[in-house]
Amino acid sequence: MSRVPDRINIDKKDRELYNKLDHEEMLRHKDKGGRRTRKEQFLIAMAIGFRNKIRRPLESKEGWFLIKDLKLEDEALIDSIAVYSTHSVDVLSNREEVFKIVEEYAHAGIRLLVDKIFSISHGSFEKQFENELNNMYSEMRLS
Amino acid sequence: MRIERIALKNYRQFKNTEVLFNKKLESDLHIFIGKNGTGKTNILNAINWCLYRDEPHLSKDSHQLPILNLKCIEDAKDGEDKEVIVEIHTKTGENKYIMFKRRAVYRVYKGEEQPIHQYTKFEVIANDEKGNTEIFEDEEANSYVERFVPKAIREFFFFDGERLDTYFRETTAQNIRHAIFVISQVELLDSRVEKRLNKILRELRKEAGKISPEIEETRKRLEEEEDKLKIIKERIEGYKKQIAISKTIIGECNRKLRGVPDVSDLEDERLRLKTRKKHTKKLLDEKVKVKQNLLFEYGINIIMWPAIEMSIEKISEKRKNKEIPPTINKSLLDSILKNKVCSICGTPLDNKTEKNVTNLLKEIKLSSSVAQQLLSIENPLYLLKEKIKQFEEKIKGLTHEIINYENELEDLEKKMGKIDKSLSGYNSEKIKGLHSDLKKFQDVHDDSLELLGRSKNKKNEIKENIKIHKKIYDEEIKKEEKARILRKEIDFCGKSLNVVEKTKEDIMNENREIIEAETKKLFFKLIWKKETFQDININDNYDINLIHSMGYDCLGSIGAAERELLALSFTLALHTISGFDSPILIDTPVARVSDEHRVNLGNVFSEVSNIKQMILLFTPAEYSEDISKLLDIKSSNRFLCKLLPDENETKLEVI
């Protein structure tokens, strides 16, 4: 039986990138006057990695937040990514694998997210993000 | 009477200067031109010093300097006496030459900052046409001055041009009343005759009071009422003065505030807009934060939608295949097969049973842990799907609210910008001060008006009381035979007082009417806008009204040049009524008049100089090209005041 992890990890090198999210008001950590938790910053990085379909294995791990902080909704998202990536629900029985998948997406996503923030002028990230969401939303088949 | 010559010796900047006022033309106009500080105004001061021993137009700088010329002090030996002399040589209409001479001697000590005054001597030397010379000193000399230009009315003959500008802007009625009072010389009646008669009357009454206690009692009551009348009269004068002052200040404030925005109101409005802007900005920031949270939260879900969708599909499929919820525990079957014993009943497995369990295990595709996990995320996944469905509506609502707040902010910014634009270029503090003064003096004016009305009623009431007490007093005094002579004297004094009062009033009224007519005559003769004005009148309250051709009083709204002309006409009218045909000397006569109107006033001066001697002191800036072109040919003499390089002495150059 696989070991059940108690925390979600990031690559040690990504800490600096997470700190850079503080440049964008929407993503700024609550310790820096913002509203985001480490978990929320991780989830958005994960989502960006998923959107771009890039997974990067972690070279060295650093515990980022505890699994117990995940709400059911968060867990549903994490599990969905694992199912989507493996095309099988069986992966859900291996929690270590599930978390490894999302950690790898977040590892790729954080770099993409930081690049995006710094490649566009200040204040435009939010607008661009909103436009992308609107486009995605219009293409969604919601029944 | 005209001034023929002025000689100045060691008087301020003038070490040894003689000015001849020869009348070469029909007009008797004499012009001095000098920059500020060259001593131009000290010519005006020299005349005053010579005639009245004071220098009312002295500048702040000159105040600190000795009257004795600085160069003269420098050249003096220690302890040496030096003299300041100003002589005014005049000629009367009867070809009599009168010279006014004031001489002051100062001792100069090298260690002292100021020379020490020793003595001053004033004398008048009069020569008649036969060549007889008479020298007068002291009182006699002063009486000659009073016949030339009396000290009390000198302000209407030798004055600063500023006076012309402000005369009808400041406490007009008070000024006019004062001018007519002074010019009419009724002060004599007022201060000497009336006061003396009053004193005598009271003494007589007191004397009569000694005869009987009833007379004394009624006297006291009568005089108490008379004292009250005196007090109320003084109060009335005070209120009138307050009204006049406040009226002037209100007019002045209104004039200065014409076309100027109400800064206080605008600043209040700006503050209100600023507060509203702050509130709107706060609401906007809150909405922006809500939107950011919405984008963040929904953003993750929308991005993850393919994964959510796939998971929902898979769970749905499992449900369809009845794989969830799990009916058989896959781990339990694994354990039974491994131990070859039924974990439920403990019976060992035979071949058939083992085959059945193996087949059953193959049929179970989903482990119970996976099924449990799927069950636990099923509901949250559907909730996420429902949530995502609300994204469009929520984001549109928020965006709409944000746009509204942004528009409101833009609108507020525009309004504030407009206010800033209105206020730019104005001295807010000064304008606020003017508005505050305006309000304050409007209150003073209204209060004083009310108090004046009440006091007038009170005055009438007291007058009635006096009548009653006087009647009682008369009846009381009639009863006493011993008081017969005193009664006659008291009666006489009372009647005399009435005559004096009536005479004073008559003179004032008569002179007011003459001055009104004379001012009107001169103003309409000299005014360049012949069709603009219709009439001038000075009413019983001594308010002067300049009636526009449209019928309204326009004194408060006329330009500086017209106002100066009116003041000049009034001054000349005063000259006429005063009976003193003395010269007029005006320092900086057009300083407050704009260029285009200077020529108009120049023409006026030129015309006035046809009827009397006129001495005008200009700065070079005032004596502009236009004025120069006009007055150069009209003036008998033009002098240029030039300060020598050591700045202690002024020379007069004849131009």
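First the proteins, then the strands, lettered A, B, ... as listed; each starts at 1.
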**Request:** Give, as side chain, backbone, both or neither, the part of B:N379 having an atom under 4.5 angstrom from any heavy atom of chain A.
**Result:** neither
**Request:** Report yes if some heavy atom in the side chain of B:Y298 is under 4.5 Å from a heavy atom in the side chain of A:L133; otherwise report no.
**Result:** no
**Prompt:** Could B:K291 and A:E126 be called an ion pair, given the rule that one side-chain N must be under 4.0 Å from one carboxylate O?
**Reply:** no
**Asked** What's the shortest heavy-atom distance between B:W305 and A:M140, and which atoms?
**Response** CD1-CG, 3.4 Å
**Asked** More than 12 non-hydrogen atoms from neighbouring residues, nucleotides or ligands closer than 6.0 Å to CG on B:N351, yes or no?
**Response** no
**Item:** Matching residue for B:I308 among A:I81, A:V83, A:L77, A:D79 - test: side-chain contact (heavy atoms from CB on, under 4.5 Å)
**Value:** A:L77
**Item:** Test side-chain contact (heavy atoms from CB on, under 4.5 Å) applied to A:Y84 and B:M304, step by step
**Value:** CA-CA 10 Å; A:Y84 188 89; B:M304 303 288 292; over 6 Å; no
**Message:** Working note: B:N293 + A:R36, criterion side-chain contact (heavy atoms from CB on, under 4.5 Å); need CA distance, chi angles, decisive distance, verdict.
**Reply:** CA-CA 9 Å; B:N293 285 341; A:R36 302 291 157 235; 2.6 Å; yes
**Asked** When heavy-atom pairs shorter than 4.5 Å are enumerated against chain B, which of A:E130, A:M46, A:H87, A:M136 gives the highest number?
**Response** A:E130
**Request:** Give, as side chain, backbone, both or neither, the part of A:R35 having an atom under 4.5 angstrom from any heavy atom of chain B.
**Result:** side chain
**Message:** Nearest 0.5 Å, please: how far is CD in B:Q373 from CG in A:N94?
**Reply:** 11.5 Å
**Asked** In terms of heavy-atom proximity below 4.5 Å to chain B, should A:E132 be classed as side chain, backbone, both, or neither?
**Response** neither
**Fill in**
In terms of heavy-atom pairs under 4.5 Å with chain A, the winner among B:K289, B:E309, B:E297, B:K314 is B:K289
**Message:** So which atom in A:V89 and which in B:L374 form the shortest heavy-atom distance, rounded to 0.1 Å?
**Reply:** CG1-CD2, 3.9 Å
**Prompt:** So A:Y137 and B:I388, side-chain contact (heavy atoms from CB on, under 4.5 Å) or not? Walk me through it.
**Reply:** CA-CA 9 Å; A:Y137 189 81; B:I388 290 169; 3.9 Å; yes
**Item:** Nearest-0.5 Å distance, CZ of residue A:F42 to CD1 of residue B:I300
**Value:** 11.0 Å
**Prompt:** Is it true that B:K387 and A:E73 make a salt bridge, defined as a side-chain N closer than 4.0 Å to a carboxylate O?
**Reply:** yes
**Prompt:** Is any residue of residues 52-64 of chain A within less than 4.5 Å of chain B by heavy atoms, and which ones?
**Reply:** none
**Prompt:** Below 4.5 Å, heavy atoms only, C-beta onward: do A:F129 and B:I303 meet side chain to side chain?
**Reply:** yes
**Asked** Between CG of A:L92 and OG of B:S311, what distance do you get to the nearest 0.5 Å?
**Response** 7.5 Å
**Message:** Looking at A:K100, I'd like to know if its NZ atom is crowded, meaning that more than 12 non-hydrogen atoms belonging to other residues, nucleotides or ligands lie closer than 6.0 Å.
**Reply:** no
**Asked** So how far is it from A:S85 OG to B:M310 CE, rounded to the nearest 0.5 Å?
**Response** 8.5 Å
**Item:** Separation of B:I377 CD1 from A:S80 OG (nearest 0.5 Å)
**Value:** 5.0 Å
